[in-house]
Amino acid sequence: MIGKPAGLLLLLVVLAGCGGGESAVETTTTAAATSSTVTGDPVVPVEVAPCDLLTAEEVEAATGLTVEEVRDEPPISCAFDLGTEAGVRIEVIIEDGAGRLGGAANLLREYLLLADAGEAQLIADVGERAVCCPFRAIAVDAGGGKYFAVAVGGGYNELAEPFEVLVSLARSVLDRL
């Protein structure tokens, strides 16, 4: 059974993933999400802008789809829109240290709970620690207190099972941190 904070986070991610143009990131700060550590290391804000962590070419190569628009969605995400026909977008979400519910550190924290419950998969060869693919997202501990996530938002016309895409894109992000 999922606890109330995890359930709320999962509901927000699912609702955002099913919507039209909304971001898959909820930027509300809550007392429960302001912990300064996830896995023992202090959370360190990622200093690289989310849109600088992936290129449209990398997203196209990983997904096999054309990026029609790249949108900076401050303060913590970037969306690579794969068009209305595909009906999906790829989002890069960083941790800025503000304790946001939709920040990457909190996503990893919640996904680790899902992994403990057998509802998510630990990925051993991506960063220090990574969890994939609840709600078509991978949350990554990049090491040194830095966290990010890569997610598929939108409908299920394309990328319904994005494991390989998410792992590939997460490795590309790691190369830039």
Side-chain angles (χ1 to χ4, degrees), residues 5-6 8-19 21-30 32-36 38-39 41 43-56 58-59 62-63 67 69-82 88-115 120 123 126-154 159 162-163 165-177:
L8 176 60
L9 173 67
L10 299 176
L11 177 62
L12 290 171
V13 172
V14 169
L15 290 175
C18 293
E22 302 90 28
S23 171
V25 179
E26 171 61 45
T27 57
T28 303
T29 302
T30 67
T34 59
S35 173
S36 62
V38 174
T39 59
D41 291 329
V43 174
V44 175
V46 171
E47 299 293 332
V48 180
C51 286
D52 292 340
L53 292 172
L54 279 179
T55 67
E58 289 168 325
V59 171
T63 64
V67 173
E69 179 184 11
V70 178
R71 288 187 314 276
D72 182 27
E73 297 182 347
I76 62 171
S77 77
C78 178
F80 294 82
D81 189 339
L82 301 173
V88 294
R89 66 192 172 278
I90 299 294
E91 291 198 38
V92 177
I93 304 157
I94 63 167
E95 179 56 53
D96 67 355
R100 298 171 196 283
L101 184 61
N106 194 56
L107 288 174
L108 179 65
R109 183 181 301 109
E110 298 298 331
Y111 283 11
L112 286 169
L113 293 173
L114 290 173
I123 309 300
V126 178
E128 296 291 318
R129 186 179 242 185
V131 182
C132 194
C133 287
F135 310 103
R136 300 188 300 169
I138 185 170
V140 180
D141 174 352
K146 294 182 180 180
Y147 302 89
F148 71 90
V150 180
V152 176
L159 305 177
F163 177 83
V165 168
L166 293 171
V167 169
S168 173
L169 293 174
R171 288 185 177 132
S172 293
V173 170
L174 279 168
D175 289 343
R176 290 192 177 83
L177 285 180

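For reference, positions follow the sequence shown, starting with 1. Only a predicted model underlies this, so the values are computations on that prediction, with no experimental measurement involved.
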Asker: Would you indicate whether the side-chain heavy atoms of Ile94 and Val48 approach each other to under 4.5 Å?
Answerer: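 The answer is no; the side chains never approach within 4.5 Å.
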Asker: Closest heavy-atom contact between Gly103 and Ile76?
Answerer: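 Minimum heavy-atom separation between Gly103 and Ile76: CA-CD1, 3.8 Å.
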Asker: Could you tell me whether the side chain of Glu69 and the main chain of Asp81 form a donor-acceptor pair under 3.5 Å?
Answerer: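 No.
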Asker: In Å and rounded to the nearest 0.5 Å, what is the CG to CZ distance from Leu54 to Phe148?
Answerer: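 The distance works out to 8.5 Å.
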Asker: Heavy atoms only: give me the nearest Ala56-Val70 pair and the separation to one decimal.
Answerer: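 Between these two residues, the closest heavy atoms are CB-CG2, 4.4 Å.
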Asker: Determine whether Val173 and Val150 satisfy the following criterion, side-chain contact (heavy atoms from CB on, under 4.5 Å), listing intermediate values before the conclusion.
Answerer: CA-CA 9 Å; Val173 170; Val150 180; 4.2 Å; yes
Asker: Please give me the minimum heavy-atom distance between Cys78 and Phe80, naming the atom from each residue.
Answerer: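 That closest heavy-atom pairing would be SG-CE1, 3.8 Å.
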Asker: For Gly127 and Leu174, which heavy atoms make the closest approach, and how far apart are they?
Answerer: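 Scanning both residues, the minimum pair turns out to be N-CD1, 3.3 Å.
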Asker: How close do Ala137 and Leu166 get, counting heavy atoms only, and between which atoms?
Answerer: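 Nearest heavy atoms, Ala137 then Leu166: N-CD1, 3.6 Å.
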Asker: Just wondering, do Tyr147 and Leu107 contact through their side chains at under 4.5 Å, heavy atoms?
Answerer: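 Not in contact.
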Asker: Apply salt bridge (Lys or Arg N to Asp or Glu O under 4.0 Å) to Glu73 and Arg89, showing your working.
Answerer: CA-CA 13 Å; Glu73 297 182 347; Arg89 66 192 172 278; 5.6 Å; no
Asker: Any idea which heavy atoms bring Asp72 and Cys51 closest together, and the distance?
Answerer: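 Heavy-atom minimum between the residues: CA-SG, 3.6 Å.
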Asker: Are Arg171 and Val126 packed together at the side-chain level, in the sense that at least one heavy-atom pair is separated by less than 4.5 angstrom?
Answerer: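 Result yes, sub-4.5 Å side-chain heavy-atom pair found.
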Asker: Just how far is it from atom SG of Cys133 to atom CD1 of Ile123, taken to the nearest 0.5 Å?
Answerer: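 Going from the SG atom of Cys133 to the CD1 atom of Ile123 covers 6.0 Å.
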Asker: Is there a donor-acceptor pair under 3.5 Å between the side chain of Arg129 and the backbone N or O of Leu108?
Answerer: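 The answer is no, because no donor-acceptor pair under 3.5 Å joins these two groups.
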Asker: Kindly indicate whether the side chain of Leu159, heavy atoms from C-beta on, has any atom under 4.5 Å from the side chain of Val165.
Answerer: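 A side-chain contact under 4.5 Å exists here.
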Asker: Is any side-chain heavy atom of Pro134 less than 4.5 Å from a side-chain heavy atom of Glu110?
Answerer: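 The answer is no, as the side chains (C-beta and beyond) never meet within the 4.5 Å cut-off.
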Asker: Do the side chain of Asn106 and the main chain of Arg100 share a donor and acceptor less than 3.5 angstrom apart?
Answerer: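 Looks like no, no N/O pair under 3.5 Å.
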Asker: Are the side chains of Ile90 and Val152 in touch, meaning some heavy atoms are under 4.5 Å apart?
Answerer: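 Yes. Closest side-chain heavy atoms under 4.5 Å.
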Asker: Answer yes or no: is there an ion pair linking Arg176 with Asp52, defined by an N-O contact shorter than 4.0 Å?
Answerer: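 No, this pair does not count.
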Asker: Taking C-beta and beyond as the side chain, do Val59 and Leu82 meet within less than 4.5 Å on heavy atoms?
Answerer: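 Yes, their side chains come closer than 4.5 Å.
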Asker: How long is the span from the OG1 atom in Thr63 to the CG atom in Leu169, to the nearest 0.5 Å?
Answerer: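 CG of Leu169 is found 7.5 Å from OG1 of Thr63.
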